[in-house]
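Notes to accompany the following structure.
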Amino acid sequence: MKFSKRIACALLACLFLISCLASCNGGNGGGEEETTEYTDIISIDSEENPQIPSKDYGEYDFTFIHQEGLAYNIEYLMSDGESEDVMLSAIYKRNTAVEDKYNINIAEYKVTDVVGEVRSQIMAGMPEFDVILASCKNQATLAREGLLYNLLDVEWFDMTKSYWDKNAATELKFGDKLFFTNCDLNAMEIAFLLYFNKQLIEDYQLTSPYEYIANNEWTLDNFGKLMKAVSRDMDNSGTFTELDQYGSIYEHDNARLLMYGCGIRTTTNDATGYPTLTLMSDKTVDVYEKIKDIYSDPNTYFCATCATGLDPHGFTHRWNYLRYLFTQDLYLFHFQADGALDQFADMEHEFGMVPVPKYDSAQERYYSTYPYLDNLFALPSIIEDVDRTGRIVEDMNYYSSIITIPTWFETILQRKYTRDDESEECIKIIKDSRTYDIGLYFDFGGVRSKILDVDITKGNISTNYAKLKKAIEVDIQDTWEKFQASNG
């Protein structure tokens, strides 16, 4: 049964890939492709195809370890077969293509403490997994402990290919080492973005963020104007609660997202790959004060991180409850990654999706922060067969780029959820503008937890920075020296 099921899937994948190739060739692929063997089609010559020879690994279980029980679980890694869910069908096709080529079984190992489990297995010298998918901050912890492999030492990995995130491969390097990164087999989250309620734009007769983007005027100042324009005591009680109307749901890390959107980073790699501390400047102070002014009136935002005792009204937690209230036209904006899309799919009124605003119109590009709780890709420091791991991962990335990513991007994001052409364009902008900051993920000297994520309505960035600057620089230097001394 398993054999016939796999053959059926292979044939379906074959037909899928023929159509993709025909589209890429303007429909002039000819009849020869339709009679070519499945294994030949998936290795057809192209600039992106790594052209890795097949190899028999005797039904080896190639295993991904990841953490369950969090808001940021792995959604699209495994699939039992063809499904009404087009993504699950695409995952099945991708996995089967890799399994057939190398005679392996792709497996997952779910744990409740990924750092503890990876640490204990590697320290014992017998890891029962091949790939680690863990949050940015957990990958940073594992890297600090010398538990991750330098991805640049894997012969088969070609980081110039589009299925490896070029921004991540550049910005997450530590000298001549890259311990974790992003790639298409993992890329089911884009980055932080802004959702906005079109009905409130109309009700308050405001300029749409789409119009601002079209005119290269989607800036921090114009975001602030929109934020401050929405405030209404819905029941005229004289007291604002979560059931009143606001410019946005507010979480303390929203200030950090706006700062990154203005091109500010905690660290920037120099020519040697050393992460120099670049957080503070006159521009940083200016941006911080602008953001503080935007959130100066508590009647224009509902503070989600302050409302620790908020009744979730049957939802799993207060965050989902507040996202529900966004769908009920109570909040103009909401900062969130694209993982919230499914919660907005049945929203009665229209919503839009835009990148976090720029500092000003002279800024050349947008910057969309990759969440430090979202997953990145890494390998354990102990690998039984590096050649085998390199082959399988590189091909899995390539197959993801031609099977799962097109399905996810075109069908899930651009068709199933978004309802306008502007959102589709903005999704592309957000994906291409993803930014990764080593300082954010390693939290050097508390730069994230004690400076960036402090409530901006109460904090003072200059004071906090002055207190921690030395500790941040020492932590960076210590980490650098440790990594440079290691062989991994």
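For this chain, numbers begin at 1 and follow the sequence in order.
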Q. Is any side-chain heavy atom of Val356 less than 4.5 Å from a side-chain heavy atom of Tyr367?
A. no
(Q) Taking His66's backbone N and O only, do any of them form a donor-acceptor pair with Glu108's side chain (distance below 3.5 Å, no angle check)? (A) no
Q. Any donor-acceptor pair under 3.5 Å linking the side chain of Thr219 with the backbone of Ser361?
A. no
Q: Give the minimum heavy-atom separation between Thr305 and Thr308, together with the two atoms involved.
A: O-CG2, 3.7 Å
Q. Are Asp244 and Arg232 close enough for a salt bridge, meaning some N to O gap below 4.0 Å?
A. no
Q: Kindly assign one of parallel, tilted or perpendicular to the pair Phe315 and Tyr321, based on the angle between their ring planes and the thresholds 30° and 60°.
A: tilted
Q. Would a line drawn from the ring center of Phe326 to the ring center of Tyr331 be shorter than 6.0 Å?
A. no
Q) Within the distance-only criterion (no hydrogens, no angle test), does the side chain of Gln363 pair as donor or acceptor with the backbone N or O of Gly261 below 3.5 angstrom? A) yes
Q. Does the side chain of Ile438 come within less than 4.5 Å of Leu172's, by heavy atoms?
A. yes
Q) Is any side-chain heavy atom of Met396 closer than 4.5 Å to a side-chain heavy atom of Arg94? A) yes
(Q) Check Glu425 with Lys428, please: is the shortest side-chain N to carboxylate O separation under 4.0 Å? (A) yes
Q: Would you check if there is a donor-acceptor pair between the side chains of Thr407 and Thr404 at a distance under 3.5 Å?
A: no
Q) Will you find, in the side chains of Asn320 and Gln343, an N or O donor that is under 3.5 Å from an N or O acceptor? A) yes
(Q) I'd like to know if the side chain of Gln67 reaches the main chain of Lys110, judged simply by a donor and an acceptor atom lying under 3.5 Å from each other, with no hydrogens or angles considered. (A) no
Q) Less than 4.0 Å between a side-chain N and a carboxylate O, is that true for Arg144 and Asp475? A) yes
Q) Looking only at heavy atoms, what is the nearest atom pair of Ile382 and Gly125, with distance? A) CD1-CA, 3.8 Å
Q. Between Glu117 and Gln121, do the side chains contain an N or O donor and an N or O acceptor separated by less than 3.5 Å?
A. yes
Q: Check the pair Tyr250, Phe302 against ring-ring contact (aromatic ring centres under 6.0 Å, His included), reporting the backbone distance first and the verdict last.
A: CA-CA 6 Å; Tyr250 170 68; Phe302 182 80; over 10 Å; no
Q: Identify the heavy atoms of Leu206 and Ala229 that sit nearest to each other, and give their distance.
A: CD2-CB, 3.6 Å
Q) Would you say the side-chain atoms of Asp113 pair up with the backbone N or O of Gly116, donor to acceptor, closer than 3.5 Å? A) yes
Q) Do the non-hydrogen side-chain atoms of Glu384 and Asp130 ever get within less than 4.5 Å of each other? A) no
Q | Aromatic plane relationship, Trp218 with Phe223 - under 30° parallel, 30 to 60° tilted, over 60° perpendicular | A | perpendicular
Q. Any side-chain donor paired with an acceptor under 3.5 Å for Asp165 and Tyr436?
A. yes
Q: Indicate yes or no: at least one non-hydrogen side-chain atom of Val386 is less than 4.5 angstrom from one of Tyr149.
A: yes
(Q) Is the distance from the ring center of Phe344 to that of Tyr195 below 6.0 Å? (A) yes
**Q.** Considering all heavy atoms, the nearest Ile249-Ala304 contact
**A.** CG2-CB, 3.9 Å
Q) Taking the inter-plane angle between the rings of Tyr274 and Trp480 on a 0 to 90° scale, is it parallel (under 30°), tilted (30 to 60°) or perpendicular (over 60°)? A) perpendicular
**Q.** Test item: side-chain donor near acceptor, Asn460 and Asn464, under 3.5 Å
**A.** no
Q.
Quick check with a 6.0 Å cut-off and a 45 degree axis cone: is Arg448 positioned over the face of Tyr372's six-membered ring?
A. yes
Q: Report yes if some heavy atom in the side chain of Leu277 is under 4.5 Å from a heavy atom in the side chain of Lys469; otherwise report no.
A: yes
Q.
Under 3.5 Å, is there a donor on one side chain and an acceptor on the other for Asn397 and Asp184?
A. no
Q) For His252, does its backbone N or O pair with a side-chain atom of Asp455 as donor and acceptor, under 3.5 Å? A) no
Q) Which residue pairs satisfy the salt bridge (Lys or Arg N to Asp or Glu O under 4.0 Å) criterion with at least one member in residues 267-291, sequence neighbours excluded? A) Asp221-Lys290
Q. Quick check: does any side chain N or O of Tyr260 sit under 3.5 Å from a backbone N or O of Ala255, one acting as donor and the other as acceptor?
A. no
Q) Please walk me through it: do Phe240 and Tyr246 pass ring-ring contact (aromatic ring centres under 6.0 Å, His included)? A) CA-CA 9 Å; Phe240 275 74; Tyr246 299 93; 5.7 Å; yes
(Q) Any donor-acceptor pair under 3.5 Å linking the side-chain atoms of Thr278 with those of Arg265? (A) no
Q. Are any of the side-chain nitrogens in Lys450 or Asp443 under 4.0 Å away from the carboxylate oxygens of its partner?
A. no
Q: To the nearest 0.5 angstrom, please state how far the CD1 atom of Ile291 sits from the OH atom of Tyr288.
A: 8.5 Å
Q) Are side-chain N/O atoms of Tyr163 and Asp158 paired as donor and acceptor at under 3.5 Å? A) no
Q) In Å and rounded to the nearest 0.5 Å, what is the CD to CG distance from Gln245 to Asn197? A) 8.5 Å
**Q.** Non-hydrogen side-chain atoms of Ile201 and Pro209 separated by less than 4.5 Å
**A.** yes
Q. Just how far is it from atom CD of Glu251 to atom SG of Cys303, taken to the nearest 0.5 Å?
A. 8.5 Å
Q: Would you tell me whether Lys358 and Asn216 have side-chain atoms, one donor and one acceptor, within less than 3.5 Å of each other?
A: yes
**Q.** Contact summary for Pro355 and Ser368, nearest pair of heavy atoms
**A.** CB-OG, 4.3 Å
Q: Measure up the Phe483 and Phe179 rings against each other and bin them: parallel (under 30°), tilted (30 to 60°), perpendicular (over 60°).
A: tilted
**Q.** Residues in side chain to side chain contact (heavy atoms under 4.5 Å, CB included) contact with Val118, at least two apart in sequence or another chain
**A.** Ile65, Val114, Ile122, Phe129, Ile132, Leu142
Q.
Counting C-beta onward and ignoring hydrogens, is there a side-chain heavy-atom pair between Ser162 and Glu48 closer than 4.5 Å?
A. yes
Q | Verdict with reasoning, Lys198 to Asp420, per salt bridge (charged side-chain N to carboxylate O under 4.0 Å, His left out) | A | CA-CA 11 Å; Lys198 292 184 181 180; Asp420 54 56; 2.4 Å; yes
Q: Take Phe196 and Phe351 through the ring-ring contact (aromatic ring centres under 6.0 Å, His included) test and state the conclusion after the steps.
A: CA-CA 6 Å; Phe196 73 93; Phe351 68 90; 8.7 Å; no
Q. About how many Å separate CG of Leu133 and CZ of Phe377, when rounded to the nearest 0.5 Å?
A. 7.5 Å
Q: Could you tell me whether Lys228 and Asp293 have a side-chain N and a carboxylate O separated by less than 4.0 Å?
A: yes
Q. Would you say the side chains of Thr300 and Asp297 form a donor-acceptor pair under 3.5 Å?
A. no
Q) What class does the angle between the rings of Phe174 and Phe442 fall in, given that below 30° is parallel, 30 to 60° is tilted and above 60° is perpendicular? A) perpendicular
Q. Does the side chain of Thr266 come under 3.5 Å of the side chain of Asp437 through a donor N or O and an acceptor N or O?
A. yes
